[in-house]
Amino acid sequence: MREGFQGIHVVPYRRIERRFRRLSITSVVFSGAIFGFFYAWVCSTMWGLDRTDPRVAIAAMQAMNASVRNAVFFPAFFLTPAVLGVTAAAARFSGRGAAAFWFCAAAAVYLVFGLMLTFTVNVRMNEALAATAVPGDIAAARDIWRDYSQRWQVWNQARALASGTALAFAALGVARL
C-alpha cells in the first residue's frame, strides 16, 4: 500500500483488479465444479445404477450418499453461492453493475434451485433410502429402486439445469467486466 490523500492508505488499482479477476475466476470454477458434479449423476452414475441389479444399486447409492459429505465436496456445494455473492458485491462496489447483476443472478439461481432444492428434496430421499434395508428379493428391490431412482433423477436434473444456468450467468458476469 502507499499513502494517499491526507495519510490514508490506498491499495493500488492494479492490485484491486488482480484480486477482482481472481475472485471472478473462482466464481466460475466453483460454479463449474458443482455443475459438473450434478451433470455426472445425470449422464452416467444413475444410468449405470439403473442397469445393474437393484439390490446392488440400492447398496451403492447408500454408500455414495454416505461418502459425499467430505472436505472435497464441501467448497463447491456449500460455498458456491457465497463466492458468487461476494463477487457480485465486489463488482457492484467497483462500478461494474452489469457484471454484478449476472453474478448475483448466478448466486440466487444456485442457492434456490441447487442448494435449497438439495436440502428439501434429494437429502430427504437419500435419508429415506439410507434407512431402507436392502431386500434379498430382487422384485422388492426393483420396486424400491425404481421409485427412488425415477424421482431422484427428476430433481437431480433440475439441480444440474440450475447449476448449469448459474455457471452460464457467472460466465456472463466475467464477460461484462
Side-chain angles (χ1 to χ4, degrees), residues 22-88 102-174:
R22 286 183 192 135
L23 186 57
S24 300
I25 291 168
T26 301
S27 287
V28 171
V29 169
F30 273 52
S31 298
I34 197 61
F35 170 63
F37 177 80
F38 291 137
Y39 182 73
W41 283 91
V42 167
C43 67
S44 63
T45 306
M46 294 304 288
W47 291 350
L49 291 174
D50 285 346
R51 289 184 176 161
T52 192
D53 181 318
R55 296 168 294 192
V56 172
I58 292 168
M61 191 67 168
Q62 289 170 333
M64 286 184 279
N65 287 334
S67 72
V68 77
R69 296 177 182 139
N70 62 62
V72 176
F73 177 68
F74 178 88
F77 183 72
F78 290 101
L79 299 182
T80 295
V83 170
L84 288 164
V86 168
T87 306
W102 290 111
F103 286 116
C104 186
V109 167
Y110 177 70
L111 182 65
V112 173
F113 299 105
L115 196 63
M116 298 309 296
L117 177 62
T118 298
F119 288 133
T120 58
V121 178
N122 293 82
V123 167
R124 290 179 184 178
M125 290 181 70
N126 294 346
E127 289 171 348
L129 187 67
T132 302
V134 178
D137 177 53
I138 195 165
R142 187 175 294 115
D143 290 342
I144 291 168
W145 181 251
R146 187 179 305 124
D147 178 54
Y148 173 84
S149 177
Q150 288 174 352
R151 288 185 305 126
W152 194 92
Q153 287 187 62
V154 166
W155 292 110
N156 188 65
Q157 289 169 8
R159 297 185 303 174
L161 179 62
S163 58
T165 300
L167 173 60
F169 286 176
L172 285 169
V174 169

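Start at 1 with the first residue, then count along the sequence.
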Could you give the distance from [atom1] ([X]) to [atom2] ([Y]), rounded to the nearest 0.5 Å?
X: S149; Y: I58; atom1: OG; atom2: CD1; value: 10.5 Å
X: Q153; Y: D50; atom1: CD; atom2: CG; value: 5.0 Å
X: W152; Y: L49; atom1: CH2; atom2: CG; value: 9.0 Å
X: F30; Y: L79; atom1: CZ; atom2: CG; value: 6.0 Å
X: L167; Y: Y39; atom1: CG; atom2: OH; value: 13.0 Å
X: D53; Y: R142; atom1: CG; atom2: CZ; value: 8.0 Å

Show the nearest heavy-atom pair for residues [X] and [Y], with the distance to one decimal.
X: A107; Y: G85; answer: CB-N, 4.0 Å
X: A141; Y: R55; answer: CB-CG, 3.4 Å
X: A76; Y: A33; answer: CB-CB, 3.9 Å
X: Q62; Y: T132; answer: NE2-O, 2.8 Å
X: A166; Y: A106; answer: O-CB, 3.3 Å
X: V28; Y: A171; answer: CG2-N, 4.2 Å

Using the rule side chain to side chain contact (heavy atoms under 4.5 Å, CB included), only one of M61, Q150, R51, Q157 pairs with M46; which is it?
M61
Quick one: are the ring centres of Y148 and W145 less than 6.0 Å apart?
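Yes, they do, as the ring centres are separated by less than 6.0 Å.
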Sole residue of W102, F113, F103, Y110 in ring pair (Phe, Tyr, Trp, His ring centres under 6.0 Å) with F169:
W102
Do V134 and I144 have side-chain heavy atoms sitting under 4.5 Å apart?
no
Between F37 and V68, is there a side-chain heavy-atom distance shorter than 4.5 Å?
yes
Using 30° and 60° as the class boundaries, would you call the ring planes of F78 and F73 parallel, tilted or perpendicular?
perpendicular
Using a 3.5 Å distance criterion without hydrogens, assess whether the side chain of S163 forms a donor-acceptor pair with backbone atoms of A160.
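Yes, the answer is positive, given that a donor and an acceptor are paired below the 3.5 Å cut-off.
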